[in-house]
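Structure record follows, encoded as structure tokens.
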Amino acid sequence: MITKPATLKGTRDFLPHQIAKRSYLFDTIRTVFQSYGFAPIETPAMEKSETLLGKYGEEGDKLLFRILNNGDFMEGVDTGASSASIASQISKRALRYDLTVPFARFVSQHRNELQFPFKRYQIQPVWRADRPQKGRYQEFFQCDADVVGSESLWHEVDFIQIFDEVLTRLGLKVFTIKMNNRKILAGLAEVAGHSDRLKDIAISLDKLDKVGKEQVILEWQSRGIDQEAIEKLSAIFAMKEKKSTEGLRALLAHSEIGLMGMDELDQVMAHAKALGLQSAKLEFDITLARGLDYYTGAIFEVVSDEVAIGSICGGGRYDDLTGIFGMPDMPGVGISFGADRIYDVLDQLQRWPADMMTVPDIIFMNFGEKEAFRCMQVMKEMRKMGYAAELYPSPVKMKKQLKYADDRGIRYVGLIGGEELSSGKITLKDMQEGSQESLELDGFKERMKRG
RNA sequence: GUGGUUGUAGCUCAGUUGGUUAGAGCGCCUGAUUGUGGUUCAGGAGGUCGUGGGUUCAAGCCCCAUCUUCCACCCCA
């Protein structure tokens with residue numbers, strides 16, 4: 001039986017022109033990361049299940065792709081157990097869900113080989129068993145930069161500049177870097193008298209933009225936040241509208257952690273603004289929560305204001321990511337570029353630079369055995385000069401050969417047929433101009449150098 | 001994971017209340033042009049109507065399942 005060819009849902013093939021665009025994107029990100037002192041690493045696509053499980057919350061666990069054990073995976077399995085238990089019995093490996101947790105494992109494992117603070121970047125695919133939508137895939141690339149082993153807030157300032165630099169270079173003109181601090185959210189929970197309910201308060205608050213404040217209040221109520229607390233928290237709504245921290249200090253006056261968050265936020269934003277940004281708008285957003293459980297300080301999210309596709313970058317600070325791998329007191333902060341979403345944004349906006357396809361500089365027409373051999377000799381010299389050259393592989397009709405050159409967007413065509421072979425000349429055709437000239441080998445080289 | 005939506009030629013899409021042989025544009029191939037592309041003209045190829053069942057004398061169209069797409073939740077890049 002023949003299987004109909006198809007990629008799995010949420011996954012895609014990449015054609016040469018798409019790879020060209022993606023490489024340009026990666027190269028831009030890589031260049032900027034390196035200019036800020038980050039060095040590349042790679043980790044395996046799969047990890048032990050226990051490395052990944054429980055790191056992304058309950059929802060995240062469900063989105064992990066599990067890998068079935070090899071061999072007789074049912075041997076000794078308690079089939080009466082729960083699905084989750086059976087799953088962990090028959091699957092000891094999983095595909096990575098992001099690059100941050102594998103990085104934490106990496107740092108802990110190689111701690112004696114690294115110099116701290118350690119700054120690494122990583123551009124690799126990740127997998128999530130999510131339901132696909134536009135800009136939402138089951139396999140996609142993340143481009144992460146993290147620094148571990150430093151509490152300095154200068155890193156936060158660096159990351160804001162990196163967002164600005166990369167996205168500006170890629171041609172995005174209108175985008176917003178949203179910033180908040182988990183300590184501020186913790187402070188709010190504290191003054192509301194619900195320190196233990198930080199997550200409930202933040203998750204509902206995060207939806208403010210979408211559902212409005214009445215709905216947020218309703219959701220708080222249903223999550224068991226009492227009326228007195230809600231009244232205190234309501235002061236937030238005004239701050240959200242003004243996008244300012246005005247009045248926030250007063251509200252957090254009795255929360256040590258809240259005030260600490262305020263200090264951090266003010267310091268980072270002030271420095272980032274003083275250094276200047278090219279295209280980015282930098283905004284405080286009290287409702288920004290982000291789901292990942294491990295964030296403890298600054299949190300970032302970048303959205304394009306030109307294309308509605310969700311966030312294109314994210315990031316934040318975590319005090320203790322490697323603790324679960326047996327390496328306590330290792331603070332870190334990092335960001336991630338969602339390459340595939342940025343790709344989609346650039347596609348939609350048609351912001352790709354021209355001439356990104358890797359196309360040879362010249363193609364030689366094939367007139368037969370002897371003529372082709374002469375072309376091979378000439379091409380050998382051309383390649384030494386740094387040109388990419390190729391020969392049409394078979395001596396078919398000129399029309400077909402030229403159309404091939406045209407379709408591929410190759411600018412120059414070299415013709416060495418019977419006439420040229422006997423006269424020792426080369427006919428060079430410029431496909432853009434539609435002109436052609438007959439040249440000696442030296443003149444031909446000169447002509448190519450002139451472009 | 002929940003609710004919805006989509007699928008017809010390589011691409012973008014028509015296809016009437018179920019009724020002969022499923023169409024168009026673009027693209028592709030061939031020729032006009034046996035050493036000249038992108039223009040023009042003439043001709044041609046290409047479809048298990050996503051897949052599998054079912055209802056019917058008859059299904060691209062109705063029903064069920066499944067895969068896929070996109071949307072809203074959820075969550076996120």
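Within every chain, numbering begins at 1; the chains are lettered A, B, ... in the order of the sequence lines, protein sequences first and strands thereafter.
Contacts of A/G368 with the nucleic acid, taken as non-hydrogen atoms under 4.0 Å apart, are absent. The residue A/I309 sits apart from the nucleic acid: no heavy atom pair falls under 4.0 Å. Using a 4.0 Å heavy-atom cutoff across all strands shown, A/Q133 reaches at least one base atom of the nucleic acid. Residue contacts for A/G417: at a heavy-atom cut-off of 4.0 Å it reaches a base atom on one of the strands shown. Looking at heavy-atom distances under 4.0 Å, A/G60 makes no contact with the nucleic acid at all. If you check every strand for non-hydrogen atoms under 4.0 Å, A/K429 touches a base. Using a 4.0 Å heavy-atom criterion, one finds that A/G434 contacts the bases of the nucleic acid, with or without backbone contacts as well. At a threshold of 4.0 angstrom between heavy atoms, the contacts of A/E419 include nucleobase atoms, whether or not backbone atoms are also involved. Using a 4.0 Å heavy-atom cutoff across all strands shown, A/I335 reaches no nucleic acid atom at all.
Looking at A/D347 and A/K21, a side-chain N of the basic residue comes within less than 4.0 Å of a carboxylate O on the acidic one, giving a salt bridge. A salt bridge links A/R317 with A/E156: the closest approach of a Lys/Arg side-chain nitrogen to an acidic carboxylate oxygen falls below 4.0 angstrom.
Whole-Å rounding puts the A/D98 CG to B/rC75 P distance at 17 Å. What separates CE of A/M431 from P of B/rG38 is a distance of 9 Å, to the nearest Å. At whole-Å resolution of the value, CZ in A/R374 and P in B/rG35 are 21 Å apart. To the nearest angstrom, C1' of B/rA77 lies 11 Å from CZ of A/R12. Taking atom CD on A/Q215 and atom P on B/rC73, their separation rounds to 12 Å, with Å as the unit. One atom, CD1 of A/I342, and another, C1' of B/rA77, lie 9 Å apart when rounded to the nearest Å. When rounded to the nearest whole Å, the span between CG of A/D61 and P of B/rC75 equals 15 Å. Computed from coordinates, the A/Y137 OH to B/rC75 C1' distance equals 17 Å when rounded to whole Å.
B/rU6 and B/rC76 are spaced 30 Å apart, taking the P atom of each and rounding to whole Å. The separation of B/rA24 from B/rG47, taken at their P atoms, amounts to 15 Å, rounded to a whole angstrom. Rounded to whole Å, the C1' atom of B/rC11 lies 31 Å from the corresponding atom of B/rG19. A gap of 39 Å separates the C1' atoms of B/rA14 and B/rC75, to the nearest Å. Taking atom P in both B/rC13 and B/rG18, the straight-line distance is 25 Å, to the nearest Å. To the nearest whole angstrom, the two P atoms, one in B/rG25 and one in B/rC67, are 38 Å apart. When the C1' atom is used for both B/rA59 and B/rG52, the distance is 15 Å, rounded to whole Å. Taking atom C1' on both nucleotides, B/rC29 is separated from B/rA45 by 7 Å, rounded to a whole Å.
Between A/Y318 and A/Y295, the ring planes are tilted. Angles from 30° to 60° get that label.
Within the 4.0 Å cut-off from OP1 or OP2 of B/rA72, not a single side-chain nitrogen or oxygen of A/K210 is found. Checking the phosphate oxygens (OP1, OP2) of B/rU36, no side-chain nitrogen or oxygen of A/K399 falls inside 4.0 Å. Taking only side-chain nitrogens and oxygens, A/K62 never comes nearer than 4.0 Å to OP1 or OP2 of B/rC75. Distances shown here put a side-chain N or O of A/K403 below 4.0 Å from the OP1 or OP2 atom of B/rC28.
A side chain to side chain donor-acceptor pair (under 3.5 Å) with A/T427 is found for exactly one of A/E420, A/Q436, A/E419, namely A/E420.
Judged by ring centres under 5.5 Å apart and planes tilted less than 30 degrees, A/F140 stacks against the six-membered base ring of B/rA77.
Side chain A/R131 to base B/rU2: a donor-acceptor pair is found below 3.5 Å. Checked by distance alone, A/E420 brings a side-chain donor or acceptor within 3.5 Å of a matching partner on the base of B/rG35. Evaluation of atom-type donor-acceptor distances gives no pair under 3.5 Å for the side chain of A/D406 against the base of B/rG38. Interface remark: the A/R136 side chain does not form any donor-acceptor pair with the B/rA77 base, using a distance-only criterion of under 3.5 Å.
Each of A/D407 and A/R341 was assigned the nucleotide of RNA chain B with the nearest heavy atom; the assignment lying further toward the 5' end belongs to A/D407. The residue among A/P132 and A/S435 whose nearest nucleotide of RNA chain B lies closer to the 5′ end is A/S435.
Under the Watson-Crick or G-U wobble criterion, with both distances below 3.5 Å, B/rC76 is left unpaired in every strand shown. Within the shown strands, B/rG10 is the pairing partner of B/rC26 under the Watson-Crick or G-U definition, both distances less than 3.5 Å.
Scanning all heavy atoms of the two residues, the minimum distance from A/C143 to A/I29 falls at SG-CD1, 3.7 Å. Considering all non-hydrogen atoms of both residues, A/Q122 and A/I41 come closest at CG-O, 3.5 Å.
Between A/F300 and A/F159, a ring centre-to-centre spacing not shorter than 6.0 Å is recorded. Taking the ring centroids of A/F337 and A/Y121, they lie at or beyond the 6.0 Å cut-off. Taking the six-membered ring where the residue is Trp, the centroids of A/Y97 and A/F65 are separated by 6.0 Å or more. Checked against a 6.0 Å centroid threshold, the rings of A/W352 and A/Y343 count as neighbours.
For the pair A/V32/A/Y36, a side-chain contact is recorded, criterion being any heavy-atom separation below 4.5 Å from C-beta on.
Closest approach to the A/R128 side chain among B/rC74, B/rA77, B/rG35 is made by B/rA77 (side chain taken as heavy atoms from C-beta onward). Taking every side-chain heavy atom of A/S336 into account, B/rA77 is the closest of B/rA77, B/rU36, B/rC74.
A heavy-atom distance below 4.0 Å to RNA chain B is reached by none of the residues of residues 157-172 of chain A. Taken residue by residue, residues 24-39 of chain A places no heavy atom nearer than 4.0 Å to RNA chain B.
Inspection of the A/Q278 and A/E165 side chains reveals an N or O donor paired with an N or O acceptor under 3.5 Å.
Residue A/K48 qualifies as open at atom NZ: its count of foreign heavy atoms under 6.0 Å is 12 or below.
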